[in-house]
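Below is one structure; the comments refer to it alone.
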Amino acid sequence: MPHDHSDHDDPQSLLPPDPALRVKALETLLTRKGLIDPAALDVIIDTYAHKVGPQNGAQVVARAWSDPAFLAALRENATAACAGMGFEGRQGEHLVAVENTPRTHNMVVCTLCSCYPWPLLGIPPGWYKSDAYRARAVRAPRAVLAEFGVHLPEGQTVRVWDSTAEIRYLVIPQRPEGTEGWETGALAALVTRDAMIGTGLAKAAT
């Protein structure tokens with residue numbers, strides 16, 4: 001009957017199951033409808049893939065480690081503090097910085113999609129967008145951290161933050177021992193992308 005519907009009537013059911021193929025199918029469809037410009041899209045992707053990346057967030061963390069006044073500003077308004085360093089724009093609004101301490105380890109996930117602070121960390125990694133990470137990070141954060149090679153002391157609490165379109169998080173990892181007096185450039189080299197998501201730790205001083 002004309003009013004009967006099946007699952008195949010849903011346009012999304014026509015998309016391939018593989019995420020990369022789904023993205024390509026959507027891009028093709030939107031391009032044909034004149035809703036996006038592939039050239040402009042390529043420029044945006046190139047910017048975040050090669051010109052913007054975790055090195056921006058690493059600079060923020062290094063400054064927070066070495067400049068108490070900046071750390072205070074970051075705690076009060078992370079969006080404004082990062083903008084003051086030139087790191088702002090789409091996906092960088094409503095930013096909150098959370099600090100790791102000997103008592104608390106912070107970890108970020110987006111349970112609905114893949115909300116992420118692009119101006120600070122670049123393009124989110126594939127695992128961050130996966131269903132497995134999004135589900136298990138909330139249910140079993142210590143197990144997920146262990147899979148990343150992060151084994152926390154029993155007394156250290158894990159706090160999971162759910163990133164959304166309204167608020168995004170930057171984890172300030174604990175400063176490695178033996179880095180007193182280091183310049184920010186050297187400190188930034190110890191800060192990894194995963195450490196700023198909470199699925200890793202800062203590199204040890206060498």
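Computation of the quantities below employed the complete heavy-atom set of this structure, encompassing side-chain atoms and omitting hydrogens, waters and symmetry-equivalent molecules.
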Is there a side chain to side chain contact (heavy atoms under 4.5 Å, CB included) between Trp127 and Ile197? Walk through the geometry before answering. CA-CA 12 Å; Trp127 56 260; Ile197 299 174; 3.8 Å; yes

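- Looking at every heavy atom in both residues, Ala204 comes nearest to Leu190 through O-CD2, 3.8 Å.
- Between Pro102 and Gln156, the shortest heavy-atom contact is O-CG, 3.5 Å.
- Minimum interatomic distance between Arg75 and Glu99 (heavy atoms only, all atoms of both residues): NE-OE2, 2.6 Å.
- Ring-plane geometry between Tyr128 and Tyr133 is classed as tilted, the angle between the planes lying from 30 to 60 degrees on a 0 to 90 degree scale.
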Apply side chain to side chain contact (heavy atoms under 4.5 Å, CB included) to the pair Val171 and Asn100, showing each step before the final yes or no. CA-CA 7 Å; Val171 174; Asn100 285 352; 3.6 Å; yes

Candidate pair Thr199 and Met107, rule side chain to side chain contact (heavy atoms under 4.5 Å, CB included), full reasoning: CA-CA 6 Å; Thr199 53; Met107 180 177 173; 4.2 Å; yes

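- For Trp65 (side chain) and Pro173 (main-chain N/O), a donor-acceptor pair under 3.5 Å exists by modelled atom type.
- Of all heavy-atom pairs between His105 and Leu201, the closest is CE1-CD2, 3.8 Å.
- Taking a 6.0 Å sphere around CD of Glu180, one finds it holds more than 12 heavy atoms contributed by other residues, nucleotides or ligands.
- Heavy-atom minimum distance, Ser163 versus Cys115: OG-O, 3.2 Å.
- Between the side chain of Arg134 and the backbone N or O of Leu112, at least one donor-acceptor pair lies under 3.5 Å.
- When every heavy atom of Val96 is checked against every heavy atom of Ile167, the shortest pair comes out as CG2-CD1, 3.4 Å.
- Counting non-hydrogen atoms of neighbouring residues, nucleotides and ligands closer than 6.0 angstrom, the NZ atom of Lys129 exceeds 12 such neighbours.
- Considering only heavy atoms from C-beta on, Val109 stays 4.5 Å or farther from Trp161 through its side chain.
- Between the side chain of Asn56 and the backbone N or O of Pro119 there is at least one donor-acceptor pair closer than 3.5 Å.
- The shortest side-chain heavy-atom distance between Phe70 and Val60 falls under the 4.5 Å cut-off.
- Under a 3.5 Å cut-off, the side chain of Thr79 and the backbone N or O of Leu95 do form a donor-acceptor pair.
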